[in-house]
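Just dropping this structure here.
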Amino acid sequence: MTPDLDQLRADLLAAIDASAGVDALEAVRVHALGKQGAITGLLKTLGALSPEERQTVAPGIHALREAVTNAIGARKADLEAKALAAKLASERVDLTLPVDRPAPGGVHPVSQVMDELAEIFADLGFAVATGPEIEDDWHNFTALNIPETHPARAMHDTFYAQRRSPQGEETASAAGAAQAASDDGGSATGAPERYVLRTHTSPVQIRTMMAQKPPIRIIAPGRVYRSDSDATHTPMFHQIEGLVIDRGIHMGHLKWTLETFLKAYFERDDIVLRLRPSYFPFTEPSAEVDIGYTLEKGRRVVGGDPTKGNGGWMEVLGSGMVHPKVIAACGLDPNEWQGFAFGTGVDRLAMLKYGMDDLRPFFDGDLRWLKHYGFSALDVPTLSGGVTA
């Protein structure tokens, strides 16, 4: 049988090398290793042999099968590589040719609204400030008058960033420690023990007050994180906060700023605001800000007097005068400096302005949704030309 195995090996290897394509190679594989293949047939004969004969014949047949299998795998890889190279060579694109159709990409509504807000507040004298998304506990809570045992912590469904050391002890995330470090060298109480995915952009206000002297006028846009998910909440969303610190600041300044901002954003002069007393640990007094709307064809439209006709109120902002304890925690004298702060969800503002009823598609990556609600890259908002493209 040995001469037959040698001849069969030579014939099969020659057929494998001569295969001009994957289909031809597959035919050789079926001929050799298929259910009715030549090598499969030899393997079936082993059962009829005596143990002594099997020990003599079986190694040769198994070696033949292994050699053919390896040869088929190598040839297949070579054929596929050549086919790919040929395909790439035939599909070259001349990048110097002019574009014959509009690019399918666009600006996401959140990015567009961010630009609109930055344009509006820049005209009011506000600068844009940023900070780390992984924050230490002190900046995210304690400096904002939310100490460890404060019940206001229950208002935030927080993602904590911790890891375990090789000894099994919980330690702060090294990545969080690196990102949360800033010019102030960490928290006022030394190296913080816990890090969080920031639950609001208010820590940016703390870092700004500690890094520069008043007067301060900033907005702090960015991503924030809370453990929540439904039609109007997502684990990650976008928020913008504003902060003013100066001498002689009062609630009148706050109301005027918000009214001016909302009129510019919605591009309507008939915006009506209502401030309701509320509670935030970092402001005192605090107020929720409602905006009036009217119903047009069953749809809420921002603007108009909700007390006259068919309309109502929608909550859009939280605001208040900066708490003296927050000012003091940043090293400023609350008897000399006062200020106001406000915050709102960027995604929420986009939904109100552009008629979206569900927050989750913002992050689904559905090209149909993005094509419908997206903006052209040339739709740059300006106050002179209008913030709406």
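Keep in mind it's a predicted model, so treat the numbers as computed, not measured.
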Can you tell which of Leu117, Ile218, Val244, Ile120 makes a side chain to side chain contact (heavy atoms under 4.5 Å, CB included) with Phe126?
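Passing option: Val244.
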Could you pull out all residues at least two apart from Phe261 that satisfy ring-ring contact (aromatic ring centres under 6.0 Å, His included)?
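For Phe261 the ring-ring contact (aromatic ring centres under 6.0 Å, His included) partners, ignoring immediate neighbours, are Phe121.
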Keeping the roles fixed (side chain from Asp136, backbone from His139), state whether a donor-acceptor pair exists under 3.5 Å.
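Flag set: sc Asp136 to bb His139 pair under 3.5 Å.
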Just by modelled atom types, is the Leu349 backbone N or O under 3.5 Å from a matching donor or acceptor in the Tyr265 side chain?
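Side chain of Tyr265 to backbone of Leu349, a donor-acceptor pair under 3.5 Å: yes, one is there.
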Looking only at atom types and distance, does a side-chain atom of His253 sit under 3.5 Å from a main-chain N or O of His250, one as donor and one as acceptor?
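Present.
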Between the side chain of Gln239 and the main-chain N/O of His200, is any donor-acceptor distance below 3.5 Å?
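Checking the backbone N and O of His200 against the side chain of Gln239, no donor-acceptor pair under 3.5 Å is found.
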Any donor and acceptor pair, going by atom type alone, linking the side chain of Ser286 with main-chain N or O of Phe280 inside 3.5 Å?
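Present.
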Applying salt bridge (Lys or Arg N to Asp or Glu O under 4.0 Å) as the test, list every pair that has at least one member in residues 50-69; sequence neighbours left out.
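Of all non-adjacent pairs touching residues 50-69, none passes salt bridge (Lys or Arg N to Asp or Glu O under 4.0 Å).
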For a side chain to side chain contact (heavy atoms under 4.5 Å, CB included) with Glu315, tell me which candidate from Val289, Thr344, Asp290, Ile291 qualifies.
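Looking at Val289, Thr344, Asp290, Ile291, the match for Glu315 under the side chain to side chain contact (heavy atoms under 4.5 Å, CB included) is Asp290.
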Would you say the side-chain atoms of Ser319 pair up with the backbone N or O of Ala287, donor to acceptor, closer than 3.5 Å?
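Yes, because the side chain of Ser319 sits within donor-acceptor range (under 3.5 Å) of the backbone of Ala287.
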Any non-hydrogen side-chain atom of Glu241 less than 4.5 Å from a side-chain atom of Val204?
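Sidechains of Val204 and Glu241: no contact.
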Any donor and acceptor pair, going by atom type alone, linking the side chain of Asp270 with main-chain N or O of Gly303 inside 3.5 Å?
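No, the answer is negative, given that no donor and acceptor are paired below the 3.5 Å cut-off.
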Donor-acceptor under 3.5 Å (Glu135 side chain, Arg198 main chain)
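Flag not set: sc Glu135 to bb Arg198 has no pair under 3.5 Å.
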Could you check whether any side-chain heavy atom of Asn140 comes within less than 4.5 Å of a side-chain heavy atom of Leu144, counting everything from C-beta outward?
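A side-chain contact under 4.5 Å is absent here.
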Measure from the side-chain N and O atoms of Thr40 to the backbone N and O of Gln36, and report whether any donor-acceptor pair falls under 3.5 Å.
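Not confirmed, Thr40 side chain does not pair with Gln36 backbone.
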Met210-Trp337 co-clustered via ILVMFWY side chain contacts under 4.5 Å:
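Yes: a chain of side-chain contacts under 4.5 Å links Met210 to Trp337.
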For the residue pair Val28 and Ser19, what are the closest heavy atoms and their distance?
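Closest heavy-atom pair between Val28 and Ser19: CG2-OG, 3.8 Å.
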